[in-house]
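Working notes for the structure below.
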Amino acid sequence: MDHNKRNALLTAIDVGNMTRAAEQLGYTQSGLSYIIKTLEAEFGFPLLVRSRSGVRPTADCMRILPILRDLHHKSQMLEQEVADIRGLAVGAVSVGVFPCISRFWMPTILRNFTTRYPGITLSIRESGQEDLDQWLRDGSVDLLLYSRQPNYTHQWIQFMQDDLCAVVPEGHPLAPCREIALDQLTGEPFIMEDGAHDHDIPRLLKDSGFHPNVCWSSKDELAILNMVAAGLGVSVLPGLYLQDMPPGVKALPLVPRAYRQLGAAMLSLEELSPAARRFLDSAKTTMGVL
């Protein structure tokens with residue numbers, strides 16, 4: 001099976017849209033469709049289900065998808081190892097990240113990495129906890145930058161501890177406090193971060209036995225901060241987002257202190273491609289991780 005055809009199919013599946021996949025690969029949409037049709041002819045069965053909302057793998061394609069991803073990964077590793085032996089830094093790396101990491105960490109990480117390794121293509125995919133975990137398991141990304149969860153099975157390199165803080169409107173009776181306990185938020189209208197997007201806040205509330213009066217929810221932390229600023233309620237958010245709060249919001253440390261661990265996750269450090277290892281090392285250097 002041709003490497004370029006396999007890459008075209010996997011890109012179409014990962015992007016979920018033929019037009020965007022074609023743009024990403026440098027093909028016309030008709031050119032990409034032709035490649036997929038030739039693959040379907042080779043295999044003898046349909047590979048993609050097409051609809052107005054995009055494309056997705058057929059049931060038969062799902063059966064062979066893990067093998068295709070493994071072949072693609074091994075092929076990339078071979079090309080990069082050969083180039084590495086010849087002293088060339090080339091290849092492609094796909095990284096899954098939290099939106100907050102994309103906003104606050106990635107500009108500096110990307111600048112440093114692309115300056116040092118212009119021959120390596122880097123793609124960034126943003127989403128929440130559940131999507132990122134799935135992408136790492138199915139091999140559609142090489143590594144993740146996100147938060148570590150209990151009973152974690154992947155290899156992990158910690159970058160920092162990120163405090164979890166209460167946020168209240170500036171005019172709220174609790175705003176003058178230097179720190180607060182969760183039970184002081186009992187009965188307050190609470191704006192909850194979407195549980196599929198973030199596991200850290202729901203786990204903190206559950207472990208603390210705190211049952212918030214949830215009136216609103218969102219997967220966008222910046223939207224939550226603006227809702228707090230508008231006086232719609234209170235919330236608990238990661239400290240990373242509180243570096244750039246809108247006016248009208250007060251952040252308060254929790255008692256007892258609560259935090260999440262942010263860092264890099266991968267299935268196997270030893271099996272990372274040379275390009276992925278270079279990205280990881282560059283990210284660690286940028287973040288001051290020894």
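If you're wondering where the values come from, they're calculated on a predicted model, not measured in any experiment. Along the sequence shown, residues carry numbers from 1.
- V249 and A229 make their closest contact through CG2-CB, 3.5 Å (heavy atoms, listed as atom of the first residue, atom of the second, distance).
- A heavy-atom distance below 4.5 Å is found between the side chains of C215 and N213.
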Which atom pairs, one a donor and one an acceptor, fall under 3.5 Å between side chains of residues 159-181 and the rest of the protein, sequence neighbours left out?
| residue | atom | partner | partner atom | Å |
| --- | --- | --- | --- | --- |
| D162 | OD1 | G239 | N | 3.4 |
| D162 | OD1 | L240 | N | 2.9 |
| D162 | OD2 | L240 | N | 3.3 |
| D162 | OD2 | R260 | NE | 2.9 |
| D162 | OD2 | R260 | NH2 | 3.1 |
| H172 | ND1 | L174 | N | 3.0 |
| H172 | NE2 | E188 | OE1 | 3.1 |
| H172 | NE2 | E188 | OE2 | 3.1 |
| E179 | OE1 | R257 | NH1 | 3.3 |

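- At a threshold of 4.5 Å between non-hydrogen side-chain atoms, the residues D244 and R103 count as touching.
- For the pair F98 and G128, the tightest heavy-atom approach, listed with the atom from each and the gap, is CE2-C, 4.0 Å.
- Tracing side-chain contacts under 4.5 Å through hydrophobic residues (I, L, V, M, F, W, Y), one reaches I157 starting from L132; they form part of the same cluster.
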Show which side-chain atoms of residues 19-26 pair as donor or acceptor with protein atoms under 3.5 Å away, not counting sequence neighbours.
| residue | atom | partner | partner atom | Å |
| --- | --- | --- | --- | --- |
| T19 | OG1 | Q29 | OE1 | 2.8 |
| R20 | NH2 | V15 | O | 3.4 |

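- With contacts defined as side-chain heavy-atom distances shorter than 4.5 Å, the pair S127/W135 qualifies.
- Linking ILVMFWY residues whenever their side-chain heavy atoms come closer than 4.5 Å, directly or via other members, leaves L9 and V141 in distinct clusters.
- To the nearest 0.5 Å, the span separating CD1 on I36 from CG on L48 amounts to 5.0 Å.
- Sparse packing is recorded around CZ of R56, with 12 or fewer heavy atoms of other residues, nucleotides or ligands lying under 6.0 Å away.
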Derivation and outcome, side-chain hydrogen bond (donor to acceptor under 3.5 Å, both in side chains), residues N112 and T286: CA-CA 7 Å; N112 294 345; T286 299; 3.0 Å; yes
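- F104 and Y241 have perpendicular rings, their planes meeting at more than 60° on a 0 to 90° scale where under 30° would count as parallel.
- For the pair V236 and L204, the minimum side-chain heavy-atom distance is below 4.5 Å.
- Residues D60 and T58 bring no donor and acceptor atom of their side chains to less than 3.5 Å of each other.
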Stepwise salt bridge (charged side-chain N to carboxylate O under 4.0 Å, His left out) check, D200 with R203: CA-CA 5 Å; D200 299 297; R203 187 179 72 252; 3.6 Å; yes
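- Taken to the nearest 0.5 Å, the CZ atom of R63 stands 12.5 Å off from the CG atom of L68.
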Take L65 and L10 through the test side chain to side chain contact (heavy atoms under 4.5 Å, CB included) and record every step on the way to the result. CA-CA 8 Å; L65 190 55; L10 292 175; 3.6 Å; yes
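- Note that CG of N4 is 7.5 Å distant from CD1 of I35, once rounded to the nearest 0.5 Å.
- The shortest side-chain heavy-atom distance between L269 and L280 falls under the 4.5 Å cut-off.
- Hydrophobic clustering keeps M192 apart from L222 (ILVMFWY residues linked when any side-chain heavy atoms are closer than 4.5 Å, directly or through intermediates).
- The nearest pair of heavy atoms linking Q149 to Q129 is NE2-OE1, 3.2 Å.
- Distance CG/L185 to NE2/H211: 14.0 Å, rounded to 0.5 Å.
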Show your reasoning for whether side chain to side chain contact (heavy atoms under 4.5 Å, CB included) applies to S75 and N7. CA-CA 10 Å; S75 176; N7 185 45; over 6 Å; no
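- Note that the SG atom of C100 and the CD atom of E221 stand 6.0 Å from one another [nearest 0.5 Å].
- Atom CD of E271 has 12 or fewer heavy atoms from other residues, nucleotides or ligands within 6.0 Å.
- Taking the six-membered ring for Trp and thresholds of 30 and 60 degrees, W156 and Y152 have ring planes more than 60 degrees apart, a perpendicular arrangement.
- For the side-chain hydrogen bond (donor to acceptor under 3.5 Å, both in side chains) test, residues two or more places apart in sequence or in another chain that qualify with K74 are D70.
- Annotation for A251 and M245: closest pair CB-SD, 3.9 Å, computed over non-hydrogen atoms.
- With S218 contributing its side chain and D220 its backbone, the two residues share a donor-acceptor pair below 3.5 Å.
- No single ILVMFWY cluster, assembled from side-chain heavy atoms under 4.5 Å apart, contains both M227 and F190.
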When you look at L145 and M106, which way does the side chain to side chain contact (heavy atoms under 4.5 Å, CB included) test go after all the steps? CA-CA 10 Å; L145 296 180; M106 292 310 293; 3.8 Å; yes
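- Side-chain atoms of R69 come within 3.5 Å of backbone atoms of D138 as a donor-acceptor pair (strictly under, hydrogens ignored).
- For the residue pair F113 and I120, the shortest heavy atom distance occurs at CZ-CG2, 3.8 Å.
- A chain of hydrophobic side-chain contacts below 4.5 Å, direct or via other Ile, Leu, Val, Met, Phe, Trp or Tyr residues, connects W105 to V93.
- With contacts defined as side-chain heavy-atom distances shorter than 4.5 Å, the pair I201/K206 does not qualify.
- Taken from OG in S273 to CG in L78, the straight-line distance is 12.0 Å, to the nearest 0.5 Å.
- Side chains of E193 and S217: no donor on one and acceptor on the other come within 3.5 Å.
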Check against side chain to side chain contact (heavy atoms under 4.5 Å, CB included), R116 and R278: CA-CA 10 Å; R116 187 173 181 184; R278 285 190 169 101; over 6 Å; no
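- The two residues M266 and D142 have their closest heavy-atom pair at CB-O, 4.2 Å.
- More than 12 non-hydrogen atoms from other residues, nucleotides or ligands lie less than 6.0 angstrom from CZ of R137.
- Looking at I13 and C61, their side chains come closer than 4.5 Å, going by heavy atoms from C-beta outward.
- Annotation: side chain of L122 is in contact with side chain of V95 (closest heavy-atom distance under 4.5 Å).
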